[in-house]
S.K.: 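Got a structure for you, written out below as C-alpha cells; questions coming shortly.
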Amino acid sequence: MAQQTTAGRRYLRAFVSGFFVAVPVTVTVLDRFAYVARVEGASMQPFFNPEGGSKSDIVLLNRWSVRNYQVQRGDIVSIVSPKNPQQKIIKRVIGLEGDFIRTLGYKNQYVRVPDGHFWIEGDHHGHSLDSNSFGPVSVGLLHGRASHIIWPPSRWQQIKPSLPPNRGPLDTKEEEG
Amino acid sequence: MFRRVLGKTLGFVGYTIQYGCIAHCAFEYIGEFVVCSGPSMEPTIINHDVVFSERMSRHLCKIQKGDIVIAKSPYDPNMNICKRVIGLEGDKVCTSSPSDLFKTHTYVPKGHVWLEGDNLRNSTDSRSYGPIPYALIRGRVCLKVTKYIDIYNIKKTANVSFCNIRKLVTTRSHVYGF
C-alpha cells in the first residue's frame, strides 16, 4: 500500500517537472525560432496551393531571421493582418522603405513606401488581400519568413527570394521615361 | 573524470535553457517592467518612470478605451511608444485641435486603434501618423513604480510602492465633447 502511494507521487512529480520543461521550451521555440503553418487560400497561386481545393501547402516559417526586422525584396513573409489582429497572412515583399511602387488598384497610382514600412502583394493579383487594399504595412507586424515548403512531400523545396516580373520598385530612370 | 565534467556541463546548459525559456514565457505572456522616457504622457507618467506592463490583455484582445499601452512605433519597429488609447475600431475621433473653428472627425478603421499622449502639446501620436494596427500593441500599463525620497537624510530610500495607474487620471474621452 505504501509503495503504491510513493509510486503515484513519483509519477506526479515526474509529470509536473516534465510539463514545466516541455511547455516553456515549445512555446519559446515557436515564438523565436521556427513556426509551421498551413497556407490557405488562392492569393499566392501558383506558388502556393497550385491545385487549390483541399490540398494546402504547409510551410516552415523562420522567425529567427526576422528578429531584427531584416527582409529582402522578393521574400515571402507572414505578417499579422492589419485588418484582423488574430489572423496571419502570407505574401511576398515587393518594396521596402523608400521605394516607389506602381500600385494595382490602390487609391493612389504611385506610392512611396514610408520609413519603417514595406509593400506586400500576393502573386495572384485580384484574389489577394494585400497592400493594394490596405496600403504599406508597418515592419513591426512582421511575423516570420517562409523558408521551406515541407508538405506535401512532392513539393519539398527551399523558397528563394524572387520578384515577380514587372512587380518591383520603380527605378528613377523608369520614371523619367 | 572527463565524463563527470561533461555531465555537469550538460546539466548546466540544460538548466540554462529551461530557465531561459521560462523567462521568455514570463516576459512574453505575463508582463515586464518598462522604463519610460519623454514628456508625452505627463503628468501621468513622467520622464524616467518605471512602469509594469502586462501582456495578457493584449493576447486576449481586451484592451479598452482609456488604457495606457506600450506599442511598437509604426515608423521604427525597434522603438516603443507609450500612449493612451483614445479610440478602438469603429470609433469616431476628433482630429482637429481645440482651437480650430471647424472640427474634423475620422473613423478608426477595422483592426486599428487611435493613440494620444496625455501631454497634448508635446506628443507625437495618432494625430500626426494616423491610427496604428492593433497588433503593434505590446502590453497594457497597469502599475507604476514610485520612489520615495527622504529629504532629511538626502538619500533615496527605495520605498517602492505600486499605485494603480487607472486611479491616477480621469479618462479623456470627453475632452473633445463629440
Side-chain angles (χ1 to χ4, degrees), chain A residues 16-35 63-64 66-71 77-89 93 96-98 107 112-120 129-131 133-144, chain B residues 10-11 13-30 32 55 57-63 69-81 85 88-90 107-115 124 126 128-140:
Chain A
V16 166
S17 64
F19 181 83
F20 276 106
V21 169
V23 169
V25 170
T26 312
V27 168
T28 307
V29 166
L30 290 178
D31 276 350
R32 294 253 178 201
F33 296 104
Y35 199 85
R63 302 203 63 186
W64 183 251
V66 298
R67 68 191 184 282
N68 290 324
Y69 305 105
Q70 303 281 343
V71 281
V77 294
S78 73
I79 63 163
V80 183
S81 169
K83 293 276 180 208
N84 182 359
Q86 289 165 323
Q87 196 189 42
K88 301 204 180 24
I89 59 180
V93 175
L96 300 176
E97 63 183 17
K107 52 184 179 176
R112 180 193 176 271
V113 181
D115 290 344
H117 288 64
F118 57 157
W119 188 270
I120 57 168
L129 183 71
D130 52 24
S131 285
S133 340
F134 44 69
V137 176
S138 177
V139 176
L141 294 178
L142 194 56
H143 183 253
Chain B
L10 283 178
V13 168
Y15 272 120
T16 312
I17 292 177
Q18 185 187 348
Y19 289 126
C21 294
I22 292 178
H24 165 86
C25 289
F27 290 135
E28 189 67 33
Y29 295 102
I30 300 177
E32 55 184 358
R55 303 280 206 142
S57 313
R58 184 253 180 226
H59 287 293
L60 300 173
C61 290
K62 292 250 187 293
I63 302 275
V69 295
I70 309 267
K72 285 191 240 188
S73 165
Y75 288 105
D76 182 5
N78 294 313
M79 226 173 54
N80 295 321
I81 57 175
V85 175
L88 299 170
E89 65 185 18
Y107 287 92
V108 180
K110 190 167 178 306
H112 288 64
V113 293
W114 187 272
L115 301 181
T124 32
S126 287
S128 32
Y129 46 68
I132 70 162
Y134 183 96
L136 285 180
I137 294 179
R138 287 178 60 137
R140 183 180 70 95

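Side chains included, hydrogens not; waters and symmetry mates left out as well; all remaining heavy atoms used. First the proteins, then the strands, lettered A, B, ... as listed; each starts at 1.
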S.K.: Who among A:Leu142, A:Asn84, A:Val27 has the most heavy-atom pairs with chain B under 4.5 Å?
M.R.: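 Ranked by contacts with chain B, first place is A:Val27.
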S.K.: Working to the nearest 0.5 angstrom, can you tell me the gap between A:Asp31 CG and B:Glu28 CD?
M.R.: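 It comes to 5.0 Å.
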S.K.: Any idea which heavy atoms bring A:Tyr69 and B:Lys72 closest together, and the distance?
M.R.: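 Scanning both residues, the minimum pair turns out to be OH-NZ, 3.1 Å.
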S.K.: Of the backbone (N, CA, C, O) and the side chain (C-beta and beyond), which part of A:Pro114 lies under 4.5 Å from a heavy atom of chain B, both, or neither?
M.R.: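 It is the side chain, since no backbone atom gets that close.
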S.K.: In this structure, are over 12 heavy atoms from other groups packed under 6.0 Å from B:Tyr107 atom OH?
M.R.: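 No, because the 6.0 Å sphere around OH of B:Tyr107 holds 12 heavy atoms or fewer from other groups.
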S.K.: How about A:Val80 and B:Pro133: do any of their side-chain heavy atoms sit closer than 4.5 Å?
M.R.: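 The answer is no; the side chains never approach within 4.5 Å.
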S.K.: If every non-hydrogen atom of B:Tyr75 is compared with every non-hydrogen atom of A:Asp115, which pair is closest and at what distance?
M.R.: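 Minimum heavy-atom contact is CD2-O, 3.1 Å.
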S.K.: Only pairs of heavy atoms separated by less than 4.5 Å count here; which of B:Gly111, B:Cys21, B:Pro109 has the most with chain A?
M.R.: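 Max contact count across the listed options: B:Cys21.
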S.K.: Answer with side chain, backbone, both or neither: which region of A:Val25 has an atom nearer than 4.5 Å to a non-hydrogen atom of chain B?
M.R.: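 When you check distances to chain B, atoms from both the backbone and side chain of A:Val25 fall under 4.5 Å.
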S.K.: Can you name the salt bridge (Lys or Arg N to Asp or Glu O under 4.0 Å) partners of B:Glu32, sequence neighbours left out?
M.R.: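 B:Glu32 satisfies salt bridge (Lys or Arg N to Asp or Glu O under 4.0 Å) with B:Arg55, B:Arg138 once adjacent residues are dropped.
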S.K.: Please flag which part of B:Lys110 lies under 4.5 Å from any non-hydrogen atom of chain A: side chain, backbone, both or neither.
M.R.: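 For B:Lys110, the contact with chain A is made by backbone and side chain together.
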S.K.: What pair of heavy atoms forms the shortest contact from B:Ser73 to A:Ser138, and how long is it?
M.R.: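 Closest pair (atom of B:Ser73, atom of A:Ser138, distance): O-OG, 4.4 Å.
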S.K.: With a 4.5 angstrom heavy-atom cut-off, is it the side chain or the backbone of A:Glu97 that approaches chain B, or both, or neither?
M.R.: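 No part of it gets close to chain B.
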S.K.: Give a yes or no on whether B:Phe27 atom CZ has more than 12 heavy-atom contacts from other residues, nucleotides or ligands under 6.0 Å away.
M.R.: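 It does not: B:Phe27 CZ has 12 such atoms or fewer within range.
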S.K.: Counting only heavy atoms closer than 4.5 Å, note whether B:Tyr19 contacts chain A via side chain, backbone, both or neither.
M.R.: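 B:Tyr19 has no heavy atom closer than 4.5 Å to chain A.
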S.K.: Taking the side chain as C-beta and beyond, is there a heavy-atom pair between B:His112 and A:Phe134 under 4.5 Å?
M.R.: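 They are not in side-chain contact.
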S.K.: Does atom CZ (A:Arg32) have a neighbourhood of more than 12 heavy atoms from anything else shown, all under 6.0 Å?
M.R.: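 No, because the 6.0 Å sphere around CZ of A:Arg32 holds 12 heavy atoms or fewer from other groups.
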